[in-house]
*Asks:* 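Sharing a structure below in structure tokens format, with a few things to ask.
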2 protein chains.
Amino acid sequence: MKLLTKNTDYAVRALLTLASLKKDEYLSARQISQRQKVPYQYLRRILQELIKKNLVISREGGGGGFRLKKRPNSIEISGIINIFQGRIQLSDCMFRKKLCHNRSNCVLRNQIQRIESIVASEFSKITIGSLLKDLTKQKGG
Amino acid sequence: MKLLTKNTDYAVRALLTLASLKKDEYLSARQISQRQKVPYQYLRRILQELIKKNLVISREGGGGGFRLKKRPNSIEISGIINIFQGRIQLSDCMFRKKLCHNRSNCVLRNQIQRIESIVASEFSKITIGSLLKDLTKQKGG
DNA sequence: ATTACTGATACTAAAATAGTATCAGTAGGA
DNA sequence: TCCTACTGATACTATTTTAGTATCAGTAAT
Ligand code: FES
Ligand code: FES
């Protein structure tokens, strides 16, 4: 069972790379792809998605590329998961109508949802900013 | 993003059905399949797996079928997830060697693992026994 | 013997994930 | 102006995972 897919992985890495740029500096998809060893075309699609979700901004033409739109600390991993893996949720619903009559106050459902919200909440504590800090701290030590 | 797959879903439902049997009573895969509206052949494979993992016992031949091997309260959902979805884990490892030099004390890795263990721990609080109790309680109310 | 079952395993289908290719358009610079 | 390096958009293929089906051999109750 994997909690994070490649989409999310690559997105996070791209965002981390962008987060280490100087103010108003842009980095091309090609560059990001090479630095992070991420398939170029795949990365491009991911970046498009990140634009749609207002996480990054692009500049077209030569010397163009991408940069962050939001502060690193305000970009939560949970948000990225949401974008690429959809909301964490019980697939449809175990124990369909048959077993579980009054769906609304089904205890299992509640418990699953509680677990899901714990996961979401934990992933929201991790941000691009905090990761970047951790990574640079590590390089130093 | 789904936390539970059909495998797990069906397994849990089968186990719940078996948990409601009388002591030493056996129920056939066909019966379980019909009661729970689960595809027969698929369910059979799942039951085979549950046998291997020592969760159920079978009796061959006419009038045969399956029954639980363990007490319902000792069958944790986390265990079932493990069987059918594998251990919860960070796919391979985001930020391969390149980004993350000393893998052993990588902070992100630690955080992910912490989240994973929370999930596992929460799912281990839910058991076939507790679900059965919840379900019967609900029918009553 | 017939029937209702499990054991084992091979197979196909569908869906999700991962990765590739292509073309149109934009902007910087020789 | 034309070339080049870039993004926007989208269509496509491949791979993997998940879901579901089929088949045959063997067991035991009737
Ligand atoms: S588990 Fe879905 S309604 Fe109860
Ligand atoms: S995230 Fe994998 S070693 Fe750090």
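Order of the sequence lines sets the chain letters (A, B, ...), proteins ahead of strands, with each chain counted from 1. Any value given below was found using the heavy atoms of this structure, including those in side chains, with hydrogens, waters and symmetry copies removed.
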*Asks:* Nearest heavy-atom pair of E122(B) and R114(A): which atoms, and what distance?
*Replies:*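 Answer, listing the atom of E122(B) first, then R114(A): OE1-NH1, 2.9 Å.
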
*Asks:* Can you build the contact string for nucleotides 21-30 of chain C? Use B for base contact, S for sugar-phosphate-only contact, and - for no protein heavy atom under 4.0 Å.
*Replies:* BB--BBBS--

*Asks:* Applying a 4.0 Å non-hydrogen cut-off, can you work out what F66(A) is touching in the nucleic acid: base, sugar-phosphate, or nothing?
*Replies:*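 The answer is sugar-phosphate, as F66(A) gets under 4.0 Å only of primed atoms, P, OP1 or OP2.
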
*Asks:* Is any side-chain N or O of S58(B) closer than 4.0 Å to OP1 or OP2 of dG7(C)?
*Replies:*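 For S58(B), the contact criterion (side-chain N or O under 4.0 Å from OP1 or OP2 of dG7(C)) is met.
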
*Asks:* Can you tell me how far the CD atom of E25(A) sits from the CG atom of L18(A), to the nearest 0.5 Å?
*Replies:*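 It is 10.0 Å, given to the nearest 0.5 Å.
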
*Asks:* How long is the straight-line distance from CG of D9(B) back to NZ of K2(B), given to the nearest 0.5 Å?
*Replies:*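 Answer for the NZ-CG pair, K2(B) versus D9(B), is 10.0 Å.
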
*Asks:* Report yes if at least one side-chain N or O of K2(B) is closer than 4.0 Å to OP1 or OP2 of dA19(D); otherwise report no.
*Replies:*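 Yes, because at least one side-chain N or O of K2(B) sits under 4.0 Å from OP1 or OP2 of dA19(D).
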
*Asks:* With respect to the phosphate group of dA19(D), does any side-chain polar atom (N or O) of T5(B) fall under 4.0 Å of OP1 or OP2?
*Replies:*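 Looking at the OP1 and OP2 atoms of dA19(D), one of them is under 4.0 Å from a side-chain N or O of T5(B).
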
*Asks:* Under 4.0 Å from OP1 or OP2 of dA5(D): is there any side-chain N or O of S28(A) that close?
*Replies:*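 For dA5(D), OP1/OP2 do not have a side-chain N/O of S28(A) under 4.0 Å.
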
*Asks:* To the nearest angstrom, how far is K6(B) atom NZ from dA19(D) atom P?
*Replies:*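 So the two atoms are 6 Å apart, to the nearest Å.
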
*Asks:* Would L55(A) and K70(A) count as a side-chain contact (heavy atoms from CB on, under 4.5 Å) if you check the C-alpha gap in whole Å, the side-chain angles of each, and the deciding distance to 0.1 Å?
*Replies:* CA-CA 6 Å; L55(A) 292 183; K70(A) 304 174 65 176; 3.6 Å; yes

*Asks:* Does dG19(C) have its OP1 or OP2 closer than 4.0 Å to a side-chain nitrogen or oxygen of Y10(A)?
*Replies:*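 Yes, because at least one side-chain N or O of Y10(A) sits under 4.0 Å from OP1 or OP2 of dG19(C).
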
*Asks:* Classify L47(B) by what it touches in the nucleic acid, base, sugar-phosphate, or nothing, heavy-atom distance under 4.0 Å.
*Replies:*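 Counting heavy atoms under 4.0 Å across all strands, no contact is made by L47(B).
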
